[in-house]
Structures are given as C-alpha cells and as structure tokens.
Amino acid sequence: MTRFFIAIGVFAALAIAVGFLLSGKADFAWGVALGLFGLALIGEGLRLWLRHDRAKSRQSSEI
C-alpha cells in the first residue's frame, strides 16, 4: 500500500507540473492536470486489483 501512495504522490506532482507548464501566463490548466492524475489513479487502481486477483487465485483449497 505504501507503493501506491508513493506512486500517487509522484503522479500528482507530475500532473501539477505539467498543468503549470501548459498554462503559461493564463489560468492553471486544470483539465490537463486532473486528466493526467485521473489516468494515474485508474492505472494504479488496476495494478492493485490485478495484483490482489492474482494473489487470490494462488490460494488453493487442495492439499
């Protein structure tokens, strides 16, 4: 779970940096920053779900 929070923190910082870089002198590019952060959340959530699913399938009731 710690890896999840570190990855989300890095992606949040990256999304904010890209939002500032693309905004120039105008308003902050919220759409771009939130879109990138949303993709990061979806990707990390999918990674956690697949990892949990694989771990669950390794548990066997057979002896």
Side-chain angles (χ1 to χ4, degrees):
M1 197 57 129
T2 302
R3 183 182 187 275
F4 175 75
F5 289 120
I6 291 171
I8 292 303
V10 168
F11 283 126
L14 198 91
I16 290 170
V18 169
F20 275 123
L21 288 174
L22 291 179
S23 66
K25 295 185 192 254
D27 264 349
F28 184 74
W30 284 106
V32 174
L34 291 176
L36 287 175
F37 188 67
L39 286 174
L41 280 176
I42 290 170
E44 285 297 313
L46 182 63
R47 186 190 63 80
L48 278 177
W49 179 69
L50 287 173
R51 187 174 172 193
H52 177 72
D53 195 40
R54 285 185 194 155
K56 227 166 113 175
S57 69
R58 287 185 187 153
Q59 294 177 353
S60 175
S61 60
E62 297 178 19
I63 297 177

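Being a predicted model, the structure only gives us computed values, none of them experimental.
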task: Applying side-chain contact (heavy atoms from CB on, under 4.5 Å), name anything that partners Leu46, two or more places apart in sequence or on another chain.
output: Trp49, Leu50

Show me the donor-acceptor pairs within less than 3.5 Å that the side chains of residues 7-23 make with the rest of the protein, sequence neighbours left out.
{"residue": "Ser23", "atom": "OG", "partner": "Gly19", "partner atom": "O", "Å": "3.4"}
{"residue": "Ser23", "atom": "OG", "partner": "Phe20", "partner atom": "O", "Å": "2.9"}

In residues 31-44, what donor-acceptor pairs under 3.5 Å come from side-chain atoms, sequence neighbours left out?
{"residue": "Glu44", "atom": "OE1", "partner": "Arg47", "partner atom": "NE", "Å": "3.2"}
{"residue": "Glu44", "atom": "OE1", "partner": "Arg47", "partner atom": "NH2", "Å": "3.3"}

